[in-house]
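Values in this document were obtained by computation on a predicted structure and should not be read as measured data.
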Amino acid sequence: MPARASTSLLSVRDVAVSFGGIVALEGVSFDLEPGLIVGLIGPNGAGKTTLFNCLSRLYTPSSGDILFDDSSILARPPHQIAELGIGRTFQNLALFRNLSVLDNINIGGHCRSRSDYLSDALHLPWTRRAETSLDLRSRRIVSYLGLDGVIERRVGELPFGTQKRVELARALASSPRLLLLDEPACGLNHEEVEALSAIIRQIRADLDVTILVVEHHMGLVMSISDRVIALNFGRKIAEGVPSLVQQDAQVISAYLGMQRT
Amino acid sequence: MLESVPEPAVPDVLAPSLIGRNGLMLALLAVALLLPFVVQNFLIFQLTLVLVYAIAIIGLNLLTGFNGQFSLGHSAFYALGAYVAAMLMDKVDFPYPATLPVAGIACFVFGFLFGLPALRLEGVYLALATFALAVATPQILKLSPLEYWTGGVQGIVINKPDAPFGLPLTQDQWLYFFTLFVTVIMTVLAHNLVASRTGRAMMAIRDNPTAARSMGINIALYKSLTFGVSALYTGIAGALGAIVVQFVAPDSFTFLLSITLLVGLVVGGVGWIPGAFFGGAFVLFVPNFAESISKGLSGAVYGVMIILLIFVLPTGASGLVRAALQRLRAHKIQ
Ligand SMILES: Nc1ncnc2c1ncn2[C@@H]1O[C@H](COP(=O)(O)OP(=O)(O)OP(=O)(O)O)[C@@H](O)[C@H]1O
Ligand SMILES: [Mg+2]
């Protein structure tokens with residue numbers, strides 16, 4: 001397919017991934033227009049996290065292409081993805097457990113700040129200035145997500161729900177244009193899920209960001225998403241507005257099939 | 001982004017504690033400056049060696065404590081630094097202070113290059129690779145083709161420098177001050193580093209490499225640079241050690257030296273820069289103390305002391321000092 005200028009922020013084209021004999025993704029294609037909240041659903045093992053890992057270049061697809069801003073990300077090393085504008089959270093928390101909340105968020109802003117080994121060791125004025133502005137940005141995000149009370153605390157000793165919030169803050173610190181959230185509601189209690197859905201909407205309203213969210217909590221996905229994509233056994237089985245995808249025969253049978261096993 | 005969000009107040013509770021900390025540092029430095037005028041020459045010599053070990057342990061801490069890479073091979077970097085300094089003084093009459101940067105740069109390059117293939121090795125495998133380096137080093141230093149430079153099994157003897165500018169100091173006093181000066185610089189640089197963006201990247205890699213990569217951290221770059229910088233520290237310590245001991249020989253730099261540094265690191269506190277001074281003092285004084293208890297079983301006594309210490313203070317001196325500081329702060333508030 002010839003590369004064409006398009007209106008989509010992200011274009012996933014015919015992506016396939018397999019691990020040994022297991023096909024985790026096969027022929028998955030979709031486009032994301034800027035400013036949307038898109039839900040990605042599917043039963044356990046459907047390939048949702050695998051897709052996220054391709055988008056953040058932790059896995060390389062065996063075929064297909066992924067375009068961000070009309071250029072392929074597959075030519076780029078994983079550590080350049082954050083700077084391109086793709087930020088994420090992880091299904092099982094992947095925080096820097098021994099560091100403070102502020103440090104975690106500052107690390108999230110790593111790609112938006114500059115320094116080098118020698119200048120940092122010498123504590124040169126320019127790195128001090130960069131550090132001050134990074135710190136200020138991070139503190140803004142801390143306030144934005146209501147984490148002020150725990151800013152100096154070690155992340156590993158915080159309650160689970162707070163840790164998830166810190167991970168979201170860390171992802172925002174990279175100023176992403178595409179934010180990937182892998183099961184943000186998993187393990188949260190009812191009030192926390194309510195709050196999360198408000199936060200996700202607020203983030204989209206305040207920041208210039210497109211959100212792709214993997215979630216098993218159907219109430220949450222269906223209420224916040226403009227569009228939903230359903231995967232099953234590595235293939236896309238449905239895509240559309242939430243009300244339609246919810247009624248899709250294949251989607252229903254995929255979830256029923258999961259319940260039987 | 002987020003411009004609409006009001007600027008949060010930066011807490012100024014940090015300010016008084018910072019002054020308190022600087023005050024403590026100045027007091028410790030004053031004690032360090034006065035010590036050589038009140039103790040015997042031999043003790044001055046030993047204190048100088050404590051500082052030398054401390055620099056090497058800081059180097060190991062940057063790698064292991066802050067970046068999560070294991071090394072049993074730091075005796076090799078120490079040896080390289082020591083030999084570079086000794087050969088420069090012996091063969092080309094280099095002034096001793098000028099040998100330090102050369103030794104440091106040589107070790108940085110060697111450590112960086114060693115760190116590149118080591119990038120593929122995790123945990124125990126990296127420990128094994130560095131162990132091989134430690135074991136090979138004394139044998140390489142003994143090789144006859146290198147004997148003109150290394151002095152073979154005999155090693156190289158170095159002259160002890162006098163105090164410059166006619167300062168009224170003994171040689172031991174002068175070397176102590178010289179070493180203290182270098183130690184302060186190296187400690188401040190390490191302190192700056194770990195508190196910076198680079199330091200955070202190092203710790204992020206230690207805590208969660210996958211997440212670190214997704215945050216845009218170039219893991220290969222930071223890991224290999226940290227390997228180089230760690231080797232640089234240890235190499236400078238080696239060069240200072242050579243000048244202070246006035247002698248280098250292959251058998252001073254066996255695998256046992258790597259273990260000594262590792263013990264110093266753990267005793268002082270992994271991931272805490274000032275711990276290096278506690279660790280350095282421990283590995284220098286405690287083995288002698290163990291020997292004074294029982295000549296025949298000094299090794300066993302030393303071993304028991306290490307086990308006891310780890311048992312009582314699992315986080316090394318860092319835990320003790322932090323707890324004490326917390327008590328002090330709590331006391332002040334009351
Ligand atoms: N690194 C890996 N090595 C081997 N197999 C893998 C790996 N990662 C994923 N898989 C397999 O790929 C398939 C898809 O897994 P993936 O984690 O993407 O599912 P998921 O949709 O995120 O599921 P869940 O809802 O349980 O998180 C599964 O069969 C899984 O076992
Ligand atoms: Mg998953």
Side-chain angles (χ1 to χ4, degrees), chain A residues 56-58 77-84 86-88 90 93-99 103-104 106-117 119-123 127 130-131 134-137 139-144 148 151-152 155-156 167 170-175 206-209, chain B residues 1-11 13-14 17 62 65-66 68 108 112 185-222 224-229 232-233 270-272 315:
Chain A
S56 47
R57 292 287 291 115
L58 298 177
H79 67 261
Q80 286 180 8
I81 296 303
E83 196 179 353
L84 274 184
I86 303 179
R88 73 174 290 180
F90 293 82
L93 290 171
L95 286 163
F96 309 116
R97 293 180 57 83
N98 296 308
L99 304 182
D103 277 342
N104 268 270
N106 275 335
I107 293 168
H110 183 88
C111 65
R112 301 291 169 216
S113 183
R114 286 289 161 266
S115 76
D116 60 73
Y117 226 106
S119 309
D120 272 344
L122 296 173
H123 205 44
T127 60
E131 193 70 3
L134 175 66
D135 199 69
L136 200 64
R137 269 178 89 249
R139 284 176 190 277
R140 282 208 182 102
I141 294 168
V142 164
S143 295
Y144 184 67
D148 309 76
I151 187 164
E152 298 292 344
V155 160
E167 222 194 6
R170 186 181 68 178
L172 289 183
S174 66
S175 302
D206 292 342
L207 316 171
D208 185 18
V209 62
Chain B
M1 176 190 129
L2 289 171
E3 304 311 341
S4 55
V5 182
E7 245 171 60
V10 179
V13 287
L14 282 176
S17 82
L62 290 174
F66 290 92
F108 174 81
F112 180 80
I185 292 177
M186 300 305 281
T187 308
V188 169
L189 292 181
H191 175 81
N192 289 344
L193 191 66
V194 299
S196 71
R197 174 173 175 272
T198 299
R200 281 193 307 268
M202 287 162 62
M203 292 185 273
I205 293 167
R206 173 197 68 192
D207 278 9
N208 196 321
T210 305
R213 189 176 280 132
S214 299
M215 298 303 125
I217 291 169
N218 185 343
I219 295 190
L221 182 74
Y222 281 104
S224 44
L225 279 176
T226 303
F227 223 110
V229 168
L232 176 145
Y233 267 78
V270 179
W272 190 55
T315 50

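- When the candidates A:Pro78, A:Ser115, A:Ser119 are compared by the number of heavy-atom contacts under 4.5 Å with chain B, A:Ser115 comes out ahead.
- Looking at A:Glu131, only its side chain comes within 4.5 Å of chain B, counting heavy atoms on both sides.
- Among the candidates A:Ala94, A:Cys111, A:Gly108, A:Ala171, the residue making the largest number of heavy-atom pairs closer than 4.5 Å to chain B is A:Ala94.
- In this structure, B:Tyr222 and A:Tyr117 have tilted ring planes: the angle between them lies in the 30° to 60° band.
- Residue B:Asp207 holds its CG atom at 7.5 Å from CD1 of A:Ile107, rounded to the nearest 0.5 Å.
- The ring pair (Phe, Tyr, Trp, His ring centres under 6.0 Å) check on B:Phe66 picks up nothing, with sequence neighbours excluded.
- For a residue to count as touching a neighbouring chain, one of its non-hydrogen atoms must lie under 4.5 Å from one of that chain's; by this rule B:Ala195 touches chain A with the backbone only.
- When heavy atoms are compared at a cutoff of 4.5 Å, A:Asp116 approaches chain B solely by way of its backbone atoms N, CA, C and O.
- By the 4.5 Å heavy-atom criterion applied to side chains, B:Arg206 and A:Asn98 are counted as neighbours.
- Contacts of B:Val194 with chain A are absent, with no heavy-atom separation under 4.5 Å from either backbone or side chain.
- Residues B:Thr210 and A:Leu58 approach most closely at CG2-CD1, 3.6 Å, considering heavy atoms.
- Here the shortest heavy-atom pairing between A:His110 and B:Ala201 reads CE1-CB, 3.8 Å.
- Your options are A:Glu167, A:Arg114, A:Glu83, A:Arg88, and the one with the most heavy-atom pairs under 4.5 Å with chain B is A:Arg114.
- In this structure, CG in B:Asn218 is found 8.5 Å from CD in A:Gln80, a value given to the nearest 0.5 Å.
- Here the side chain of A:Asp120 pairs no donor or acceptor atom with the backbone of B:Ser196 at under 3.5 angstrom.
- By number of non-hydrogen pairs under 4.5 angstrom with chain A, the leading residue of B:Asn208, B:Leu225, B:Ile219, B:Val188 is B:Asn208.
- Counting heavy atoms from C-beta on, the side chains of A:Arg170 and B:Met215 come closer than 4.5 Å.
- The two residues A:Ala82 and B:Ser214 make their nearest non-hydrogen contact at CB-O, 3.5 Å.
- No other option in A:Leu134, A:Leu99, A:Ile81 has as many heavy-atom pairs under 4.5 Å with chain B as A:Leu99.
- In plain terms, the two heavy atoms of B:Ala211 and A:Phe90 that are nearest each other are CA-CZ, 4.0 Å.
- Every residue was checked against the salt bridge (charged side-chain N to carboxylate O under 4.0 Å, His left out) condition with B:Arg197, not counting sequence neighbours, and none meets it.
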